[in-house]
Colleague: 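To start, I am sharing the structure in question, which I have written as structure tokens.
The chains referred to below are lettered A, B, ... by the order of the sequence lines, with proteins before strands, and numbering in each begins at 1.
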Amino acid sequence: MGRELKKGTKGPNSKYITRTKAIRKLQISLNDFRRLCILKGIVPREPPSRKKANHGNTAPTSFYHVKDITYLAHEPIIAKLREHKIFLRRMSRAMGKQEWGRAKALEESRPRYTLDHIVKERYPTFIDALRDIDDALCCVVLGASLSQHRRIPKADLDDCARLAAEWQLYVTHTRSLRKSFLSIKGVYYQAEVQGENVTWVEPYQFLQKIPMDVDFRVMRSFLEFYKTLLGFVFYKLYTDAGLVYPPPLDVKKEAAGSGVDAYRLQPVGGAPVDQEETKTTGKKKVELGGGKVLTGRQVQKAIVSMEVDGEETEEVEGNPKDVAAPLATAKAVPTSTQALDTDTLPSTEEFIAQPSKTDPSTSSTLLTLHALANLPNSNTKLFEPYVFFVSRESPRHILEFVIRSFGGVVGWPASCGGGSPIESEDDERVTHVIIDRPLPEGGVLSEGRRRRKYVQPQWVVDSVNAGKVLLEDAYAQGRTLPPHLSPFGAEGEGAYDPLAPVPGMEEALREVDEEMEDDEEDSEDDDDMEMEEEKEEEKTKKRHRRGKKAAASAVNVSNPTDADAVRKAELEAERLGIEPAEFDKVLEKAAKNKNRDVEEEEGDDEDDEEPKKIETTKGASEENMAKMLLSSKKRKLYNLMKRTNARKEEEKVKLQKKKIEIAKQKKKSGR
Amino acid sequence: MAPKLPASSKGFQRPAKRKAESEPEAGRVEPSEEWTGFGGEGEGIEMASDEEDTGESAESSDVEEFPEIEAASSEEGGEDEDTSEAGSEEEDISAEDEEEEDGESAQEEDEIEPPPGDSALMGEGLKWDRKPGSYPDPKVIKSSITGEGKKVYPPIEPEYDSDSSTEDDPNRVGRIPMHWYDDLPHIGYDINGKRILRPAKGDELDKFLAAVEDPTSWLSGFDHTSQKDTQLTEEELDLIRRLQDAEVPDASYNPYEDTVEWFTGEGKQEIMPLTARPEPKSRWQPSKWEKQKILKIVRLIRAGHIVPNKPKAKQPQWYSLWSTEAETSRPPPLVAPKVPLPKHAESYNPPEEYLPDQDEIDKYEDLSDDEKVKKYLPKKYDALRHVPAYEHFIHERQNRLLDLYLAPRIRRVKLHINPDSMLPSLPSPQSLRPFPVFEALKMSGGGGSRARCVSVSPDGVWTVSGDEDGVVRLRETFVGREAARWKLGKRIGAVEWCPRKDVSYFLVGIEDEIFAFMPPHLSPAMESATLDVLVPRSPPPPIGEDGEKPVKWSQESLSFKQSASTFSSPLLVVTLPPTAGLPKQITFHRRGDYFATVSSAEGHNAIWIHQASKRHSQSPFKKIKGSIQRVLFHPNKPHFFVATQRYVSIYDLSAQKLLKTLYTGSRWISSMDIHPTGDHLIVGGYDKKLMWFDLDLGNKPYKVLRYHTKAIRSVAFSPNYPLFASSSDDGTIQIFHARVYSDLMTDALIVPLKVLRGHVVLEGLGVMELKWTTGLGTCWLVSAGADGEVRVWCN
């Protein structure tokens, strides 16, 4: 017999403690605990049984795992936090006693901590970090858009702005932007960096109204961590791209309001890159010590020749050795800071699958880099041939970023900030002007206006999402824009797709057509009557139309071949004063329509509907039978899934119906 | 006088004494008859009165002005020589002491010469002036030995130095309750042990006269110690007045005294340092060890090991963090799920079908903020420049951050399956034929009263049904022709056909009685065999003792047997005890000799087991808990199933013990049937459940099926096909395929096959009972409904 265990000391539920206990164990304040949890990424855990974990108490509390708390207890930052507390106390005492010298000395030796090790712990590899920077980017971008606030230090906002600009610069430089979406919440961007999709949202540039109930302490704790994380991630990204991080800031340009351009990309060990040059020339040139200029192609060739040398085939074009010699010195210099030039890839880099002779069925073909680069929607040179000018009412920061990420050159008026490569709209090079104004009334198109395209901002984003340059006409200035769709796809499989054809749309339109035809015919008849009796105008016309309608409807509703119904309709027509000839006409038409309907119905009935109905009822009953045999848990799950699917389907059908309605109305009003 | 003042309270004394130290004795001029001369009290009173008198007597006011001198002079003049001597001596000692001494000398009246023995002891014959409450100062005399001056302290005199304020009270009994002396002529003892006689106490008239005569009588109070009225002194009256006015009781206390400057002002500054000790060496000489340490640092600085004010080596803020391996082996925290990506509806220019119509907008606006699943409504803007800032942007970001650190992270497997794939794959019903699929016959029973019960003859030819009007109908199963009818006039609870093949009769249960009937048109051999069973020529001898038996068996007379109407009246009647009530169920043992009846009564009368051949009935249970719903004989073992409201108990009849109790989980069992192999049991409940028990497995159901929408009324296994059926109050009959395997490893296969509809639900009752036919190679089903119809369902 062992000693009797105390209740609640064993089992899975004993491994969880409440937050209060955790705080007591760590001997820190609640605020410090929160901060620590945010920094270390410790989140509450859900115990198997809340009641057991809290010793029978069912009050709502959050639980932490004991191991998590022990892990926190070993965090060196806790000691720093305590030191900081002491520092604050000493500082306040020194300030209170007006001992300025002492305060200064204290301030100089103020305890500081870094979060480097936490970044490393939370993200053991770079790719882990890269996968998780979405939130960090969103946070930083939001911070960059905030104006000053008393609860957020200016330094934080500046850091946010810097990081946001650095990220934008990197994405532009590597042309890794893939998708963009103008939503009512802000602009969504998706970039593909090292094979990972990074999505972030940027608010429209307005003065953000900061609500009262925002917990800035939490925000700042997160921001503190995100700043460190992004710093290291950017360092790695920039270094991998052969750039210096952090990019130096051009103060003059910043003062001029050139935005992202104020930061200059600088290759490692080289002079700052002029972005405009690289963009306009397109190809990368490497300058060597001897004043020789090498193109990317030459470098490639040199590499190939070096490889070939080893295999003793000296048959190479040109003089590769001359190139290779200085290349040895140039190796340290990064060769390409651009996106991969797929055109220049030599054929030797092609992987050729060698199928097995014994087992020809298993042919494993891997995706090669070449193939990957040629995938659709990775057309990063979309706007390379074009030069854009963003007029002042269009959002420059959005368009500048998107267009540059796809190789275009952007200019803007001086009122939007300095540093524009193109001074004015009338520049010869400008091919597209992005304008968000209605057409001026009675304006005369100038010569320049005719030569270049005037498009609305949505055209840029839609082109990017489509992966091709769309026709500008639909997006021309003053035109009603086509709907802007999300590039991130619909809500899931089987959800409503606005581009897909809607079943029943054609029929509905045809119906509308027919109705219109009828109306037209009616109006023609009216015209005839008017010709005959010009004086009796509106009253009779109205009456007649009404009468005909009534007759037609009466006949339509009942069977036109049914004698009773016809008789009734005739009487009605007579009462309204309709000519018998006219009535016959209407009747004929009604009969025709009816016949067609009947035919259709019959066809449907015979072919599809009846067996379908039977099948559905049969299927339903069988399904119900089988459902009986499920356990109650599974049956609940089954019912839930069925319900969810039904709800989705219902939403889809609702949208489809709406679409048909809208199309019908448009058609009606269009005529 | 109401307040009785304690004659010798210390509360009065203390302030008075203090006063006495600094003020001269002015009270002395006052005539005080009451003066008793004992210590503190006298003093206190006198001192207090001194203040009182300042305004009254010029003499005393003079005294006030120059207290020291006046007091000293007056005392010196007025008192004996001792004090004058003391005063002169004091002057000799020092100028500083003078003030105090003079103050002290005010108490000369108290001074008593030290006894000669004492002075002899001191040897010097010195005299000290004593003040009560303070110790006299020492006197400096020249030592005879050293020739130096030395201080001589006065001897301690207990009389004066101890606080014995009550010592001079004439009555020395102390502070005891004085009523102890109430019956005695005296009131205590004086210091010499002599009795102090009680002072004379006049009668009320005397008192009155005294009060009238004595103008000060209102100032007097009764003193318990002396047992007589004592007049309050002026001081005491003043004290009372002060207490009433909430003033400081001590008259001498001045709350607004002038500040006395001790250390400030001309000539009063303290001369520092206070001590004349020479400065320690460490104050002005540099430390050797410090010097050594400093030298060491200097040496290090010179050597360049220490660089003063060196800027801290700046580590680069950013570096290649991931170039080294991670230090901790702890797995990184779970990555939070990403925010769902925006859909078409979020576009600033969505397709028009996404825009809400007026109804949807109203509905959305009616919702509270918490109820809103989405914080926005799709909206269309005709140009990008018209798009405003999104008002919830910061909130959404904050909520995301809160989620990131407050929400527990659980990895959940999301099912991306077609829900239909969860359904078990069952064999097609077509492959499990035959089973009843359609209604072949409908036999309505004229009156429209409910058909309660139905039974089919073992050869399948006859169907007998009983309805609530008390009519038993015998019909041909194949054609539905009614062959015979018995009107019994009472409610019929159950009918059951005897399973024996060689005889043909059935039992009908009505109130308290069970009738046995024989169908018509039997072959002669069978008829005679049946009659032998029901109406034997020689009835079997009664079993057991001859006493009155609760169940009576009676049969028709033999002569009646020969008549043509053999079947028109019951051939055998079993009369149950009168309290038994309506037999709800009759069930035969497989052999057909034993049958059991379940009555609606509570207690042991509910179940009776009858033996037809021996005309014997017995109640197997003396005491039964709960109401019995159904009973059953095991097909091939001597086991007996009893279904109470919630449980099914299995008894061994031969061993007479309980084998097992099955926990059905149903709240009210309605019906029960056993599989022909005897290994499986189905139980139907009024709570719509059907429980399948594998009797080898345990006491919990192997499967619980819930598919009827109303209470289950009847369940039945097909005797020769792997089928079972259940009927319910929802008017349906459901047919199941139930294949059981002989090996114990394979579970029974249950496949729902068919729902038979046809019976009409009347007053919430549907199909009351169903029975399978046997013997014809068919699997037909006969059902009796609450609509009064009996239907036959064919395959």
Colleague: With a 4.5 angstrom heavy-atom cut-off, is it the side chain or the backbone of B:Y707 that approaches chain A, or both, or neither?
Modeller: both
Colleague: By a 4.5 Å heavy-atom criterion (distance strictly below it), what part of B:V339 contacts chain A: side chain, backbone, both, or neither?
Modeller: side chain
Colleague: Under 4.5 Å between any side-chain heavy atoms of A:P498 and B:Y354, yes or no?
Modeller: yes
Colleague: At a heavy-atom separation under 4.5 Å, does A:F216 approach chain B through its side chain, its backbone, both, or neither?
Modeller: neither
Colleague: Please round to the nearest 0.5 Å and tell me the distance separating atom CD1 of B:I410 and atom CZ of A:R45.
Modeller: 10.0 Å
Colleague: Main chain of B:L355, side chain of A:K658: is a donor-acceptor contact present, judged purely on distance under 3.5 Å?
Modeller: yes
Colleague: Could you tell me which portion of B:K375 (side chain, backbone, both or neither) has an atom closer than 4.5 angstrom to a non-hydrogen atom of chain A?
Modeller: neither
Colleague: CZ/B:R330 to CD/A:E121 distance, rounded to the nearest 0.5 angstrom?
Modeller: 8.5 Å
Colleague: Taking A:S632, A:S394, A:P438 one by one, which has the highest count of heavy-atom pairs under 4.5 Å against chain B?
Modeller: A:P438
Colleague: Using every non-hydrogen atom in the two residues, find where A:R122 and B:P332 come nearest and quote the distance to one decimal.
Modeller: O-CB, 3.4 Å
Colleague: Under a 4.5 Å cutoff for heavy-atom pairs, which residue among B:T324, B:N418, B:L334 has the most contacts with chain A?
Modeller: B:T324
Colleague: Closest approach of B:Y348 and A:Q458, non-hydrogen atoms and distance?
Modeller: OH-OE1, 2.9 Å
Colleague: Please look at B:V387 and chain A and tell me whether the side chain, the backbone, both or neither of the residue comes under 4.5 angstrom of a heavy atom of that chain.
Modeller: both
Colleague: Find the distance between CG (B:L401) and CZ (A:R220) and round it off to the nearest 0.5 Å.
Modeller: 14.0 Å
Colleague: Under 3.5 Å, side chain of B:K338 to main-chain N/O of A:R131, donor-acceptor pair present?
Modeller: yes
Colleague: Is it the backbone or the side chain of B:S323 that comes under 4.5 Å from a heavy atom of chain A, or both, or neither?
Modeller: neither
Colleague: Heavy-atom cut-off 4.5 Å, strictly under: side chain, backbone, both or neither for A:T125 against chain B?
Modeller: backbone
Colleague: Heavy-atom cut-off 4.5 Å, strictly under: side chain, backbone, both or neither for B:P340 against chain A?
Modeller: neither
Colleague: Which atoms of A:K654 come close to chain B, meaning under 4.5 Å heavy atom to heavy atom: side chain ones, backbone ones, both, or neither?
Modeller: side chain
Colleague: Measure A:I662 against the heavy atoms of chain B and call it side chain, backbone, both or neither at under 4.5 Å.
Modeller: side chain
Colleague: Quick one: does any side-chain atom of A:K209 pair with a main-chain N or O of B:A389 as donor and acceptor, under 3.5 Å?
Modeller: no
Colleague: Are any of the side-chain heavy atoms of A:I127 and B:W322 separated by less than 4.5 Å?
Modeller: no
Colleague: For the interface with chain A, which of B:H386, B:Q734, B:E325 has the highest count of heavy-atom pairs at distances below 4.5 Å?
Modeller: B:E325
Colleague: Does B:Q315 form a side chain to side chain contact (heavy atoms under 4.5 Å, CB included) with A:T114? I'd like the steps, not just the answer.
Modeller: CA-CA 11 Å; B:Q315 221 189 333; A:T114 55; over 6 Å; no
Colleague: Is there a side-chain contact between A:S486 and B:E346, using heavy atoms and a 4.5 Å cut-off?
Modeller: no
Colleague: Is B:R409 close to chain A through its backbone or its side chain, or both, or neither, when contacts mean heavy atoms under 4.5 Å?
Modeller: both
Colleague: By a 4.5 Å heavy-atom criterion (distance strictly below it), what part of A:D240 contacts chain B: side chain, backbone, both, or neither?
Modeller: neither
Colleague: Measuring heavy-atom distances to chain B, does A:L146 have an atom under 4.5 Å in its side chain, in its backbone, in both, or in neither?
Modeller: side chain
Colleague: At a 4.5 Å cut-off on heavy atoms, which part of A:L485 comes close to chain B: side chain, backbone, both, or neither?
Modeller: both
Colleague: Nearest 0.5 Å please: distance from the CG atom of B:D382 over to the OG1 atom of A:T480.
Modeller: 8.0 Å
Colleague: I'd like to know if the side chain of A:K634 and the backbone of B:L423 have a donor-acceptor N/O pair within less than 3.5 Å.
Modeller: no
Colleague: Rounded to the nearest 0.5 Å, how far does CD1 of B:I394 lie from CD1 of A:I210?
Modeller: 5.0 Å
Colleague: Identify which part of A:D135 has an atom lying under 4.5 Å from any heavy atom of chain B, answering side chain, backbone, both or neither.
Modeller: both
Colleague: Need one label for A:Q656: side chain, backbone, both or neither, based on atoms under 4.5 Å from any heavy atom in chain B.
Modeller: neither
Colleague: As an exercise: rank B:R706, B:R385, B:Q398 by heavy-atom pairs under 4.5 Å with chain A and give me the winner.
Modeller: B:R385
Colleague: Between chain A and each of B:A383, B:A407, B:P408, B:P342, count heavy-atom pairs under 4.5 Å; write down the option with the most.
Modeller: B:P342
Colleague: Just say parallel, tilted or perpendicular for the rings of A:F232 and B:W318, cut-offs at 30° and 60°.
Modeller: perpendicular
Colleague: Would you say B:Q317 and A:Y235 are linked by a side-chain donor-acceptor pair, where the criterion is simply a distance under 3.5 Å?
Modeller: no
Colleague: Do you know which of A:K659, A:Q205, A:K185 has the most heavy-atom pairs with chain B at a distance under 4.5 angstrom?
Modeller: A:K185
Colleague: We want to know whether A:D213 and B:H395 form a side-chain donor-acceptor pair, criterion being a heavy-atom distance below 3.5 angstrom.
Modeller: yes
Colleague: Can you sort out the partners of B:W793 under side chain to side chain donor-acceptor pair (under 3.5 Å), two or more places apart, ordered by chain and number?
Modeller: B:S783
Colleague: Measure distances from A:D215 to the heavy atoms of chain B and classify the residue's part below 4.5 Å as side chain, backbone, both or neither.
Modeller: both
Colleague: I need the B:Y405 OH to A:R34 CZ distance, nearest 0.5 Å.
Modeller: 4.5 Å
Colleague: A:P482, A:P246, A:P203: which one forms the most heavy-atom pairs within less than 4.5 Å of chain B?
Modeller: A:P203
Colleague: Is any side-chain heavy atom of A:I38 closer than 4.5 Å to one of B:L404?
Modeller: no
Colleague: Of the backbone (N, CA, C, O) and the side chain (C-beta and beyond), which part of B:Y319 lies under 4.5 Å from a heavy atom of chain A, both, or neither?
Modeller: both
Colleague: For chain B, which of A:F234, A:Y204, A:F222 has the most heavy-atom pairs under 4.5 Å?
Modeller: A:F222
Colleague: Which heavy atom of A:I184 sits nearest a heavy atom of B:S347, and at what distance?
Modeller: CG2-O, 3.7 Å
Colleague: If you tally heavy-atom pairs under 4.5 Å against chain A, which of B:P316, B:P388, B:A336, B:P419 wins?
Modeller: B:P419
Colleague: Do other residues, nucleotides or ligands put more than 12 heavy atoms under 6.0 Å from the NZ atom of A:K652?
Modeller: yes
Colleague: Any heavy-atom pair between the side chains of A:Q665 and B:E352 that's under 4.5 Å?
Modeller: no
Colleague: Counting only heavy atoms closer than 4.5 Å, note whether B:P350 contacts chain A via side chain, backbone, both or neither.
Modeller: backbone
Colleague: Are the side chains of B:L406 and A:S62 in contact, using a 4.5 Å heavy-atom criterion?
Modeller: no
Colleague: Name all residues meeting the side chain to side chain donor-acceptor pair (under 3.5 Å) criterion together with A:D436; count only those two or more places apart in sequence or in a different chain, and write none if there are none.
Modeller: none
Colleague: Which bit of B:R400 comes within less than 4.5 Å of chain A, counting heavy atoms only: side chain, backbone, both or neither?
Modeller: side chain
Colleague: Side chains of A:P395 and B:L384: does their closest heavy-atom pair fall under 4.5 Å?
Modeller: yes
Colleague: With a 4.5 angstrom heavy-atom cut-off, could you sort out which part of B:L377 is near chain A: side chain, backbone, both or neither?
Modeller: backbone
Colleague: Please look at A:P457 and chain B and tell me whether the side chain, the backbone, both or neither of the residue comes under 4.5 angstrom of a heavy atom of that chain.
Modeller: side chain
Colleague: Which answer fits A:E46, side chain, backbone, both or neither, if we ask what part of it has an atom under 4.5 Å from a heavy atom of chain B?
Modeller: both
